[in-house]
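The block underneath contains the structure these notes are about, expressed in structure tokens.
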Amino acid sequence: QVQLVESGGGLVQAGGSLRLSCAKSGRTAGTYTMAWFRQGPGKDREFVGAINWSGFITNYADSVKGRFTISRDNARNTLYLQMNSLKPDDTAVYYCAVGVASAGTMDPTRYAYWGQGTQVTVSS
């Protein structure tokens with residue numbers, strides 16, 4: 001059984017930074033893409049970024065390009081999201097996801113495993 005546990009969320013002022021982590025346990029057959037999604041108050045879940053197995057291919061939502069960086073450490077089965085220049089609009093619950101689709105896949109239904117989420121709140 002695959003489990004994903006996010007950590008690193010919290011309260012930060014606008015312009016600040018946070019680093020989220022997602023620890024994966026359990027076995028996944030073959031290579032897999034890891035991704036971050038978020039869901040703000042009253043909003044649908046939206047794609048933030050994804051990274052392929054090798055780490056050489058990444059994809060970001062336009063709203064976070066240039067501010068967020070996704071990375072992974074396969075030896076530690078961990079996914080990261082470095083968030084800089086945070087804005088109040090970034091306030092959301094951030095979810096880690098795993099799937100076999102390509103890193104270009106932004107459709108949440110293509111990801112089979114999900115974490116419980118970690119709250120990020122950005123104050124103005």
Side-chain angles (χ1 to χ4, degrees):
Q1 182 74 11
V2 173
Q3 289 190 323
L4 302 172
V5 179
E6 302 95 337
S7 61
L11 174 63
V12 64
Q13 288 188 332
S17 298
L18 281 176
R19 188 192 195 206
L20 305 184
S21 298
C22 171
K24 173 185 172 290
S25 61
R27 189 172 180 178
T28 308
T31 61
Y32 51 91
T33 291
M34 299 188 80
W36 290 99
F37 287 78
R38 68 185 182 186
Q39 187 164 13
K43 299 180 181 179
D44 293 332
R45 189 167 297 190
E46 66 172 351
F47 175 81
V48 174
I51 186 168
N52 75 332
W53 170 258
S54 69
F56 290 139
I57 299 175
T58 57
N59 184 35
Y60 296 94
D62 288 342
S63 58
V64 306
K65 280 180 182 175
R67 300 188 299 122
F68 291 10
T69 302
I70 191 170
S71 60
R72 65 190 289 173
D73 183 339
N74 288 337
R76 290 181 168 83
N77 291 316
T78 302
L79 175 71
Y80 303 98
L81 183 68
Q82 178 66 44
M83 304 186 295
N84 298 327
S85 301
L86 283 161
K87 305 174 182 179
D89 282 349
D90 295 319
T91 295
V93 177
Y94 283 71
Y95 298 91
C96 169
V98 166
V100 297
S102 71
T105 301
M106 298 184 287
D107 181 355
T109 66
R110 300 293 303 278
Y111 291 85
Y113 303 103
W114 291 83
Q116 293 300 307
T118 185
Q119 176 71 46
V120 171
T121 302
V122 184
S123 63
S124 57

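Hydrogens, waters and symmetry mates are skipped; everything else that's a heavy atom, side chains included, is used.
- Tyr95 and Val100 fall into different hydrophobic clusters, where Ile, Leu, Val, Met, Phe, Trp and Tyr side chains are chained together by heavy-atom contacts under 4.5 Å.
- Applying the salt bridge (charged side-chain N to carboxylate O under 4.0 Å, His left out) test to Asp89 and every residue at least two apart in sequence or in another chain returns nothing.
- Shown here for Cys96 and Glu6, the closest heavy-atom pair between the two residues is N-OE2, 2.8 Å.
- In this structure, Arg38 CZ and Arg45 CZ are separated by 13.0 Å, a value rounded to the nearest 0.5 Å.
- Rounded to the nearest 0.5 Å, atoms OG1 (Thr91) and CG (Leu11) are 8.5 Å apart.
- A distance-only check finds a donor-acceptor pair linking the side chain of Asn52 to the backbone of Gly55 [under 3.5 Å].
- Across all non-hydrogen atoms, the minimal contact from Ser85 to Arg67 is O-NH1, 3.0 Å.
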**Asked** Should Tyr111 and Thr33 be marked as a side chain to side chain contact (heavy atoms under 4.5 Å, CB included) after you check the CA-CA gap, both sets of side-chain angles, and the distance that decides it?
**Response** CA-CA 9 Å; Tyr111 291 85; Thr33 291; 3.9 Å; yes
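- Grouping the Ile, Leu, Val, Met, Phe, Trp and Tyr side chains by contacts below 4.5 angstrom, directly or via other members, places Met106 with Phe37.
- Counting side-chain heavy-atom gaps under 4.5 Å among Ile, Leu, Val, Met, Phe, Trp and Tyr, the cluster of Val48 also holds Val2, Leu4, Val12, Leu18, Leu20, Tyr32, Met34, Trp36, Ile51, Trp53, Tyr60, Val64, Phe68, Ile70, Leu79, Leu81, Met83, Leu86, Tyr94, Val98, Tyr113, Val120, Val122.
- To the nearest 0.5 Å, atom SG of residue Cys22 and atom NZ of residue Lys24 are 9.5 Å apart.
- Counting all heavy atoms, side chain and backbone alike, Ala14 lies closest to Pro88 at CB-CD, 4.1 Å.
- Using a 4.0 Å cut-off between charged nitrogen and carboxylate oxygen, Lys65 and Asp62 count as a salt-bridge pair.
- Taking CG of Asp44 as the reference point, atom CD of Gln39 lies at 7.0 Å (rounded to 0.5 Å).
- Distance OG1/Thr69 to CG/Asn84: 6.5 Å, rounded to 0.5 Å.
- For the atom pair Gln82 CD and Ser21 OG, the distance stands at 9.5 Å (nearest 0.5 Å).
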